[in-house]
Amino acid sequence: MSLMEDWEVLANQYNTDQATAQKFWTDYYMQEKGVYEKMLTQPVEVEKGTVAELAEKYGMDVVRFGGFLDGINESLKTPNPVDTIVAESEVTVDIDLEKLYYNMVAAKADWLYNLPQWDALLTEERRKELYKAQKKSMTVVKGKKIGRNDPCPCGSGKKYKQCCGR
C-alpha cells in the first residue's frame with residue numbers, strides 16, 4: 001500500500017464527526033507549519049532522502065509526511081511520484097519559492113503564507129504581486145452581453161436575434 005493510500009485512510013477515519021475531524025486537521029496543520037518553518041529557514045538546500053528519513057528529520061510520522069509531500073508536490077521544481085511512494089522511496093524536495101507562496105495563497109493557508117521566514121526569502125512587494133496574481137486568477141470576468149440587434153458572433157452577418165439567438 002502506498003503512503004498516499006495510507007494517508008487517505010488515516011484522514012477519512014477522522015472524518016466521523018466534526019469535532020474529531022477538526023482536531024485531526026488542526027494537529028496536522030500545526031505539524032505542517034513546523035515543517036515549513038524549518039524548511040524555509042534554509043530554503044536553498046535541496047532535501048534528498050527516503051520518506052522515512054525526512055519524516056524523522058522534521059518530526060512527523062511517515063504517513064502524515066506522505067500527506068505533506070502530496071501538499072507541497074505542486075510547488076516543487078521536479079514533482080515526486082506521490083501516488084506510488086512508500087516509506088523507503090527516495091524523494092527530492094527542491095522548492096520553487098514563488099510557486100509555493102502562490103499555492104499557499106490559493107489554499108487560503110494564511111498560517112503558512114504569513115510565516116516570518118518569508119521576509120528573508122521574498123520581498124514584500126513580490127509577495128504582494130503573487131498574492132494579487134493568485135486572487136486575480138480566481139476572478140471570473142463575464143464577456144460583453146450580446147444584444148438582440150447586435151451582429152451575431154458566429155460571423156454569419158445576420159443579427160443575433162435572427163441567427164443564434166433563436
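In this text, all values refer to a predicted model and were calculated from it rather than measured experimentally.
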Practice task
Would you please test S75 and D96 for side-chain hydrogen bond (donor to acceptor under 3.5 Å, both in side chains) and show each step?
Solution key: CA-CA 6 Å; S75 304; D96 180 336; over 6 Å; no
Practice task
Please work out whether the ring planes of W7 and Y28 are parallel, tilted or perpendicular, with thresholds of 30° and 60°.
Solution key: tilted
Problem - Salt bridge flag under 4.0 Å for residues K161 and D150 - result: no
Exercise for the section: Treating Ile, Leu, Val, Met, Phe, Trp and Tyr as nodes and any side-chain heavy-atom pair under 4.5 angstrom as an edge, say whether F24 and W111 lie in one connected cluster. Expected result: yes
Practice task
Considering non-hydrogen atoms only, spot the tightest contact between S2 and E5 and give its length.
Solution key: N-OE1, 3.0 Å
Practice task
Treat each ILVMFWY residue as a node, draw an edge where side-chain heavy atoms are under 4.5 Å apart, and state whether V9 and F65 are in one component.
Solution key: no
Handout entry: Salt-bridge criterion met for K48 and E90 (N-O under 4.0 Å)
Key = no
Exercise for the section: Starting from the C-alpha separation in whole Å, work towards a yes-or-no answer on side-chain contact (heavy atoms from CB on, under 4.5 Å) for D94 and V46. Expected result: CA-CA 5 Å; D94 188 11; V46 176; 3.4 Å; yes
Handout entry: Sidechain-backbone polar pair: D61 side chain, V63 backbone, donor-acceptor under 3.5 Å
Key = yes
Practice task
Please answer: with hydrophobic residues joined when any side-chain heavy atoms are less than 4.5 Å apart, are L54 and V86 in the same cluster?
Solution key: no
Practice task
Before giving the answer on side-chain contact (heavy atoms from CB on, under 4.5 Å), spell out for Y113 and Q134 the whole-Å C-alpha distance, their side-chain angles and the decisive distance to 0.1 Å.
Solution key: CA-CA 13 Å; Y113 68 78; Q134 196 292 316; over 6 Å; no
Problem - E56 atom CD, over 12 foreign heavy atoms within 6.0 Å - result: no
Handout entry: From CD1 (I146) to SG (C152), nearest 0.5 Å
Key = 7.0 Å
Practice task
State whether the number of non-hydrogen atoms from other residues, nucleotides or ligands found under 6.0 Å of E74 atom CD is greater than 12.
Solution key: no
Exercise for the section: For K132, look at atom NZ and say whether over 12 heavy atoms of other residues, nucleotides or ligands are found less than 6.0 Å away. Expected result: no
Handout entry: Salt-bridge criterion met for E47 and K57 (N-O under 4.0 Å)
Key = yes
Problem - Smallest separation among heavy atoms of V93 and L69, with atom names - result: CG2-CD2, 4.0 Å
Handout entry: Salt-bridge criterion met for K128 and E125 (N-O under 4.0 Å)
Key = no
Practice task
Examine Y14 and W25 and state if one hydrophobic cluster contains both, with Ile, Leu, Val, Met, Phe, Trp and Tyr joined whenever side-chain heavy atoms are less than 4.5 Å apart.
Solution key: yes
Exercise for the section: State, to 0.1 Å, how close K158 and C163 come at their nearest heavy-atom pair, and which atoms those are. Expected result: CB-CB, 4.1 Å
Handout entry: Step-by-step side-chain contact (heavy atoms from CB on, under 4.5 Å) determination, K38 to V35
Key = CA-CA 5 Å; K38 291 176 186 175; V35 174; 6.0 Å; no
Problem - Stepwise side-chain contact (heavy atoms from CB on, under 4.5 Å) test for D27 and Q31 - result: CA-CA 6 Å; D27 291 344; Q31 289 181 351; 5.7 Å; no
Practice task
Following the transitive rule for hydrophobic clusters with a side-chain heavy-atom cut-off under 4.5 Å over Ile, Leu, Val, Met, Phe, Trp and Tyr, establish whether Y102 and L100 coincide in one cluster.
Solution key: no
Fill in the blank from the handout: Of Y131, Y36, W118, the one forming a ring pair (Phe, Tyr, Trp, His ring centres under 6.0 Å) with Y101 is W118
Exercise for the section: Keeping the roles fixed (side chain from T26, backbone from Q22), state whether a donor-acceptor pair exists under 3.5 Å. Expected result: yes
